Amino acid sequence: MVPATLVIWGAALLHEALVGFSELSRTDWAWLIGLGLLAMTLDNVAGALGAKRYGAGRAGIWGAVIGALVGAVVLGPLGILVGPFLGALVAELIAGKTGRDALRAAWGSLLGVLGGVLAKLLVHVAMGWLVIQRIF
């Protein structure tokens, strides 16, 4: 399981090495790096923002973040969806919220992750488009 951002960076770097670093400018690399960092940020905070939007407190937000990290390591791609949901749910319950409120915060974290995945996809398409446009 290799993050797509690293694959895009690696492919661009390999291509440039093969053509003598002649097709992507420093500005292009700055855009690629900036967009890649944006994609990574979206990946890490989307669940927490969704949880917050749906009423999670500090515990639920941290639960979503920790759940995303643990879920990704333990369950792989499925953990990216399940981890924030369970993390926010458990953290909110421990913090004393009712089951309904905790479930609402967990649902928000799931929606946030799905929104983050969509946003990250769009950023990756932009990165790929930038590279392909310069090559051809």
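If you're wondering where the values come from, they're calculated on a predicted model, not measured in any experiment.
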Step by step, work out the side-chain contact (heavy atoms from CB on, under 4.5 Å) result for Trp9 and Met127. CA-CA 9 Å; Trp9 282 343; Met127 292 172 72; 3.5 Å; yes

Is Leu69 linked to Val73 within one hydrophobic cluster, defined over Ile, Leu, Val, Met, Phe, Trp and Tyr using a side-chain heavy-atom separation of less than 4.5 Å? no

Which pair of heavy atoms, one from Ala46 and one from Gly116, lies closest together, and at what distance? CB-CA, 3.6 Å

I'd like to know if Leu89 and Val113 are part of one continuous hydrophobic network [Ile/Leu/Val/Met/Phe/Trp/Tyr, side-chain heavy atoms within less than 4.5 Å]. yes

Going from CG on Leu32 to CG on Leu37, what distance comes out if it is rounded to the nearest 0.5 angstrom? 11.0 Å

What are the two closest non-hydrogen atoms of Ala126 and Leu35, and how far apart are they? CB-CD1, 4.4 Å

Test of understanding: clusters of I, L, V, M, F, W, Y form through side-chain heavy atoms closer than 4.5 Å, transitively. Do Trp31 and Phe21 belong to the same one? yes

Indicate yes or no: at least one non-hydrogen side-chain atom of Tyr54 is less than 4.5 angstrom from one of Leu49. no

Is there a donor-acceptor pair closer than 3.5 Å between any side-chain N or O of Ser109 and the backbone N or O of Ala48? no

Check whether any side-chain heavy atom of Phe85 sits under 4.5 Å from a side-chain heavy atom of Val90, and report yes or no. no

Counting only heavy atoms not in Trp29 (residues, nucleotides, ligands), do more than 12 fall under 6.0 Å from its CH2? yes

Can you list the steps and then say if Lys120 with His124 is a side-chain contact (heavy atoms from CB on, under 4.5 Å)? CA-CA 6 Å; Lys120 196 167 105 168; His124 285 151; 3.6 Å; yes

Looking at CZ of Arg134 and CH2 of Trp129, how far apart are the two atoms once the value is rounded to the nearest 0.5 Å? 11.0 Å

Measure across Leu93 and Gly99 and return the closest heavy-atom pair with its distance rounded to 0.1 Å. CD2-CA, 3.9 Å

Glu92 side chain to Gly57 main-chain N or O, any donor-acceptor pair under 3.5 Å? yes

Distance from Leu86 atom CG to Leu110 atom CG, nearest 0.5 Å? 10.0 Å

Trace of the side-chain contact (heavy atoms from CB on, under 4.5 Å) decision for Val45 with Met40: CA-CA 9 Å; Val45 301; Met40 290 179 187; over 6 Å; no

Does anything in residues 67-80 pair up under salt bridge (Lys or Arg N to Asp or Glu O under 4.0 Å), and if so which pairs, sequence neighbours excluded? none

Check whether Glu16 reaches the backbone of Ser22 with its side chain - one donor and one acceptor, N or O, closer than 3.5 Å. yes

May I have the step-by-step check of side-chain contact (heavy atoms from CB on, under 4.5 Å) for Leu81 and Leu114, ending in yes or no? CA-CA 8 Å; Leu81 295 175; Leu114 292 174; 3.6 Å; yes

In Å and rounded to the nearest 0.5 Å, what is the CD to CZ distance from Glu23 to Phe136? 8.5 Å

Would the number of heavy atoms belonging to other residues, nucleotides or ligands and lying under 6.0 Å from NZ of Lys97 be above 12? yes

Apart from Leu14 itself, residues in the same hydrophobic cluster as defined by side-chain heavy atoms under 4.5 Å: Leu18

Drop me the distance from Asp101's CG to Thr98's OG1, to the nearest 0.5 angstrom. 3.5 Å

Over all heavy atoms of both residues, which pair between Gly36 and Thr5 is shortest? Give the atoms and the distance, please. CA-CG2, 3.5 Å

Taking every non-hydrogen atom, the tightest pair across Val123 and Leu42: CG2-CD1, 4.1 Å

Going only through I, L, V, M, F, W and Y residues with side-chain contacts under 4.5 Å, is there a path from Val82 to Leu111? yes

Given His15, which of Ile135, Val131, Leu24 fulfils the side chain to side chain contact (heavy atoms under 4.5 Å, CB included) condition? Ile135

